[in-house]
Chemist: 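This is the structure I want to talk about, given as structure tokens.
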Amino acid sequence: MSGTTVGVIGGGQLARMMIAPAVELGIAIRVLAEAPHMSAELAETTVGDYRDAATVLEFARTVDVVTFDHEHVPQHVLRALVGAGIRVHPGPDALLYAQDKLLMRARLSELGLPVPDWAAVESAEALEEFLAAHGGRAVVKTARGGYDGKGVRVVSDAHGADDWFTALVEDSNGGALLAEELVPFRRELAQQVARRPSGEVVAWPVVETVQKDGVCAEVVAPAPATAESTATEARDIAIQVAEGIGVTGVLAVELFETPDGRVLVNELAMRPHNSGHWTIDGSVTSQFEQHLRAVLDLPLGSPAPLQPWAVMVNILGGPAGESLVDRYPRALAGRPAVKVHGYGKEPRPGRKVGHVTATGDDLDAVLADARGAAACFL
């Protein structure tokens, strides 16, 4: 492993949080950032367009394996990397299903995994038919792009997505929107696994995620009051996804738990994910160390929790006119179980600028600590 260098495409907070475990493992890490002074600037070695094959190839030739901070690198760039003999994890054949929600839904259905009822719709007329068959309401998503609530809307009228249909017509590639049944879920769960190229898979405990305005606000690990059968099903689903589409690295499967006990796959992320930030302070092996191990095909670490409970709360927006550090005295006072992780971002309304994590053996106390500390940054 001497001289091993991991290259990360994307300079956001996920790349930033890979730096510490890379240092601990003695692995060099380099980052291709979209712009100067992004979150991962500590490891920033190149600034360039991840959509340009020549730029990405030039960067990739300086590292031993390429991985990602996001899933937006185009397929033609990914294929160019593989064609040049670069090790890419996860590879383009897997990332395809994180980049296109229609392909993802079709593949999960082929694998026999539980998903909401869905259809590809190319017009208002097709959407009207879907609405009529699903109680007059549906979730509509753009097939590509969209995250943190973007590219998703609930419609109760066939013309509720006309602007997106118009955009599809104007796009020379054409395409369709994804229409899904509006699932009456009890709560949202997330299951993370890691898989290395040689096939080893490990799974963290399933967690409960709380969304606000389409953005993850809070994660509780493990998900409280979860039946053993539900936890087993969530783990088995994620492992089947990882193996069925050949994911290497960390995979997050976002799930709906319905009032009648069903578990349905909502979204996939093939990289470290917001729902796993708790693992930095709350598990034997964090998702970021595990991702590095996986893409290098090293033996995977234990995903076991260090404490009975961990709660992660995102810092959204941040203190106007101040840095996070200015608020540390207030946030940390009297909360020795709290850890603060800043992303090196300027505060801005709605922006993820950091997170706090608390751990312990009493869930109410852990929740109070994490929420209280995060509130100090508002």
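Only heavy atoms go into these numbers, but all of them, side chains included; no hydrogens, no water, no symmetry mates.
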Chemist: Could you check whether Glu267 pairs with Lys141 (Lys NZ or Arg NE/NH1/NH2 to Asp/Glu carboxylate O, under 4.0 Å)?
Modeler: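 Yes, charged N to carboxylate O under 4.0 Å.
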
Chemist: When you compare the side chains of Thr226 and Arg187, does any donor N or O come within less than 3.5 Å of an acceptor on the partner?
Modeler: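 Yes - a donor-acceptor pair under 3.5 Å links their side chains.
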
Chemist: Could you name each residue pair satisfying salt bridge (charged side-chain N to carboxylate O under 4.0 Å, His left out) that touches residues 326-338, not counting sequence neighbours?
Modeler: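 Applying salt bridge (charged side-chain N to carboxylate O under 4.0 Å, His left out) to every pair that reaches into residues 326-338, excluding sequence neighbours, yields Glu322-Arg327.
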
Chemist: Do the non-hydrogen side-chain atoms of Leu264 and Val183 ever get within less than 4.5 Å of each other?
Modeler: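 Leu264 vs Val183: side chains touch.
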
Chemist: State, with a plain yes or no, whether a side-chain heavy atom of Val82 is found less than 4.5 Å away from one of Pro92.
Modeler: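 Touching, per the 4.5 Å side-chain cut-off.
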
Chemist: Going by distance alone, is a donor N or O of one side chain under 3.5 Å from an acceptor N or O of the other, for His355 and Tyr343?
Modeler: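 The criterion, which ignores hydrogens and geometry beyond distance, is satisfied for Tyr343 and His355.
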
Chemist: Can you sort out the partners of His291 under ring-ring contact (aromatic ring centres under 6.0 Å, His included), two or more places apart, ordered by chain and number?
Modeler: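 With neighbours one apart ignored, the set is empty.
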
Chemist: Treat each ILVMFWY residue as a node, draw an edge where side-chain heavy atoms are under 4.5 Å apart, and state whether Met18 and Leu95 are in one component.
Modeler: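 No; tracing contacts between hydrophobic side chains, which count when under 4.5 Å, never links both residues.
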
Chemist: Answer yes or no: is there a donor N or O on one side and an acceptor on the other, between the side chain of Asn314 and the main chain of Leu316, under 3.5 Å?
Modeler: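 No, Asn314 side chain to Leu316 backbone: no donor-acceptor pair under 3.5 Å.
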
Chemist: Do Leu14 and Tyr50 belong to the same hydrophobic cluster, where Ile, Leu, Val, Met, Phe, Trp and Tyr are linked whenever their side-chain heavy atoms lie under 4.5 Å apart, directly or via other members?
Modeler: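 Different hydrophobic clusters.
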
Chemist: Could you tell me which residues satisfy side chain to side chain contact (heavy atoms under 4.5 Å, CB included) with Arg195, sequence neighbours excluded, listed by chain and number?
Modeler: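 Residues passing side chain to side chain contact (heavy atoms under 4.5 Å, CB included) with Arg195: Val201, Ala242, Glu243, Thr248.
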
Chemist: Grouping I, L, V, M, F, W and Y whenever their side-chain heavy atoms are under 4.5 Å apart, do Leu298 and Val250 come out in a common cluster?
Modeler: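 They do not share one cluster, since no chain of ILVMFWY contacts under 4.5 Å joins Leu298 to Val250.
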
Chemist: Are any side-chain N or O atoms of Glu208 and backbone N or O atoms of Val219, one a donor and one an acceptor, separated by less than 3.5 Å?
Modeler: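 Answer holds: no.
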
Chemist: Under a 3.5 Å cutoff, is there a donor and acceptor pairing between the side chains of Asn274 and Lys352?
Modeler: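 The answer is yes; a qualifying pair exists.
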
Chemist: About how many Å separate CD of Glu233 and CG of Leu113, when rounded to the nearest 0.5 Å?
Modeler: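 Between Leu113 CG and Glu233 CD, I get 10.0 Å after rounding to 0.5 Å.
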
Chemist: Can you give me the closest heavy-atom contact between Pro184 and Pro259, atom names plus distance?
Modeler: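 Closest approach of Pro184 to Pro259: O-CD, 2.7 Å.
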
Chemist: For the atom pair CD (Glu71) and CG (Leu78), what is the distance rounded to the nearest 0.5 Å?
Modeler: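 Interatomic distance, Glu71 CD to Leu78 CG, rounded to 0.5 Å: 11.0 Å.
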
Chemist: Are any non-hydrogen side-chain atoms of Glu257 and Arg262 less than 4.5 angstrom apart?
Modeler: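 The answer is no; the side chains never approach within 4.5 Å.
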
Chemist: Mind checking what makes side chain to side chain contact (heavy atoms under 4.5 Å, CB included) contact with Ala133, not counting sequence neighbours?
Modeler: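 Partners of Ala133 by the side chain to side chain contact (heavy atoms under 4.5 Å, CB included) criterion come out as none, since no residue qualifies.
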
Chemist: Which residues pass the side chain to side chain contact (heavy atoms under 4.5 Å, CB included) test with Asp157, not counting sequence neighbours?
Modeler: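 Partners of Asp157 by the side chain to side chain contact (heavy atoms under 4.5 Å, CB included) criterion, ordered by chain and then number, come out as His159.
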
Chemist: Output yes when a side-chain donor or acceptor of Arg30 lies under 3.5 Å from a complementary backbone atom of Val63, and no otherwise.
Modeler: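 Not at all, since once roles are kept as given, no pair shorter than 3.5 Å links the two residues.
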
Chemist: Is a side-chain N or O of Glu254 found less than 3.5 angstrom from the main chain of Ala190, in a donor-acceptor match?
Modeler: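 No, the answer is negative, given that no donor and acceptor are paired below the 3.5 Å cut-off.
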
Chemist: Let me check something: do Val206 and Met312 share a hydrophobic cluster, defined by ILVMFWY side-chain heavy atoms less than 4.5 Å apart, either directly or through other members?
Modeler: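 In one cluster with Val206: Met312, no.
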
Chemist: Are any of the side-chain heavy atoms of Val154 and Leu182 separated by less than 4.5 Å?
Modeler: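 Val154 vs Leu182: side chains touch.
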
Chemist: Should Pro319 and Leu378 count as side-chain neighbours, where that means a heavy-atom distance under 4.5 Å?
Modeler: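 No, side chains not in contact.
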
Chemist: Just how far is it from atom CG of Leu296 to atom CG of Leu292, taken to the nearest 0.5 Å?
Modeler: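 The CG atom of Leu296 sits 6.5 Å away from the CG atom of Leu292.
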
Chemist: Restricting to side chain to side chain contact (heavy atoms under 4.5 Å, CB included), what partner residues turn up for Asp281, sequence neighbours left out?
Modeler: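 Here the qualifying residues are Lys339, His341, Thr357.
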
Chemist: Measure the shortest side-chain to side-chain distance between Leu168 and Leu177 over non-hydrogen atoms and say whether it is less than 4.5 angstrom.
Modeler: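 Leu168 vs Leu177: side chains touch.
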
Chemist: Report the C-alpha distance between Ser109 and Trp118 in whole Å, list the side-chain angles of each, state the deciding distance to 0.1 Å, and finish with yes or no for side-chain hydrogen bond (donor to acceptor under 3.5 Å, both in side chains).
Modeler: CA-CA 10 Å; Ser109 298; Trp118 66 279; 3.1 Å; yes

Chemist: Should the pair Arg351-Glu346 be classified as a salt bridge under the 4.0 Å nitrogen-to-oxygen rule?
Modeler: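 Judged by the 4.0 Å cut-off on N to carboxylate O distance, Arg351 and Glu346 do not form a salt bridge.
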
Chemist: Has Glu200 got more than 12 heavy atoms of other residues, nucleotides or ligands less than 6.0 Å from its CD?
Modeler: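 Yes, enclosed.
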
Chemist: To the closest 0.5 Å, what do you measure between CD (Glu188) and CZ (Arg186)?
Modeler: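 Nearest 0.5 Å value for the CD-CZ distance: 12.5 Å.
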
Chemist: Just checking, any donor-acceptor pair under 3.5 angstrom between side chains of His277 and Gln287?
Modeler: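 Yes, a side-chain donor-acceptor pair sits under 3.5 Å.
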
Chemist: Not counting sequence neighbours, list each pair that qualifies as a salt bridge (charged side-chain N to carboxylate O under 4.0 Å, His left out) and has a residue in residues 82-98.
Modeler: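 Sorted result for residues 82-98: Arg79-Asp93.
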
Chemist: Determine the minimum heavy-atom distance between Val140 and Ala161, stating which atoms define it.
Modeler: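 Heavy atoms of Val140 and Ala161 come nearest at CG1-CB, 4.2 Å.
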
Chemist: Quick one: does any side-chain atom of Thr67 pair with a main-chain N or O of His89 as donor and acceptor, under 3.5 Å?
Modeler: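 At least one qualifying donor-acceptor pair exists.
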
Chemist: For residues Gln211 and Thr209, is any side-chain donor paired with an opposing acceptor at under 3.5 Å?
Modeler: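 Yes - a donor-acceptor pair under 3.5 Å links their side chains.
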
Chemist: Quick one: which residue pairs count as a salt bridge (charged side-chain N to carboxylate O under 4.0 Å, His left out) with a foot in residues 363-376, not counting sequence neighbours?
Modeler: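 Residue pairs with at least one partner in residues 363-376: Glu218-Arg371.
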
Chemist: How would you list all residue pairs meeting ring pair (Phe, Tyr, Trp, His ring centres under 6.0 Å) that involve residues 253-273, not counting sequence neighbours?
Modeler: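 Found Phe185-Phe256.
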
Chemist: With the side chain counted from C-beta on, respond yes when Asn266 and Leu255 share a heavy-atom pair under 4.5 Å apart, and no when they do not.
Modeler: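 No; the side chains remain at least 4.5 Å from each other.
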
Chemist: Is a donor from one side chain sitting under 3.5 angstrom from an acceptor on the other, for Trp204 and Thr285?
Modeler: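 No.
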
Chemist: So, Glu34 side chain and Gly11 main chain: donor-acceptor pair closer than 3.5 Å or not?
Modeler: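 Pair found, side chain donor or acceptor close to backbone of Gly11.
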
Chemist: Rounded at 0.5 Å granularity, tell me how far CD in Glu181 sits from CZ in Arg137.
Modeler: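 Atom-to-atom, Glu181:CD and Arg137:CZ are 13.0 Å apart.
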
Chemist: For Asp64 and Thr5, indicate whether the former's side chain and the latter's backbone hold a donor-acceptor pair under 3.5 Å.
Modeler: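 The answer is yes, because a donor-acceptor pair under 3.5 Å joins these two groups.
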
Chemist: Indicate, with yes or no, if Val73 and Val6 share a hydrophobic cluster defined by side-chain heavy-atom contacts under 4.5 Å among Ile, Leu, Val, Met, Phe, Trp and Tyr.
Modeler: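 No, Val6 and Val73 fall in different hydrophobic clusters.
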
Chemist: Give every residue pair that meets the salt bridge (charged side-chain N to carboxylate O under 4.0 Å, His left out) criterion with at least one member in residues 292-317, sequence neighbours excluded.
Modeler: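 The answer is Arg196-Asp297, Glu289-Arg293.
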
Chemist: Using modelled atom types and a 3.5 Å cut-off, is there a donor and acceptor pairing between side-chain atoms of Thr279 and backbone atoms of Ser283?
Modeler: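 Between the backbone of Ser283 and the side chain of Thr279 there is no qualifying donor-acceptor contact (under 3.5 Å).
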
Chemist: Please go through Leu363's hydrophobic cluster and name the other residues, only I, L, V, M, F, W, Y counting, with side-chain heavy atoms under 4.5 Å joining them.
Modeler: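 Other cluster members: Val220, Trp309, Val311, Val313, Ile315, Leu324, Val325, Tyr328, Leu332, Val338, Val340, Val353, Val356, Val366, Leu367, Phe377.
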
Chemist: What residues join Val210 in its hydrophobic cluster, counting side-chain heavy atom gaps under 4.5 Å, either direct or through other members?
Modeler: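 Cluster partners of Val210: none, it stands alone.
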
Chemist: Is there a side-chain contact between Gln191 and Ile237 (heavy atoms, below 4.5 Å)?
Modeler: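 No; the side chains remain at least 4.5 Å from each other.
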
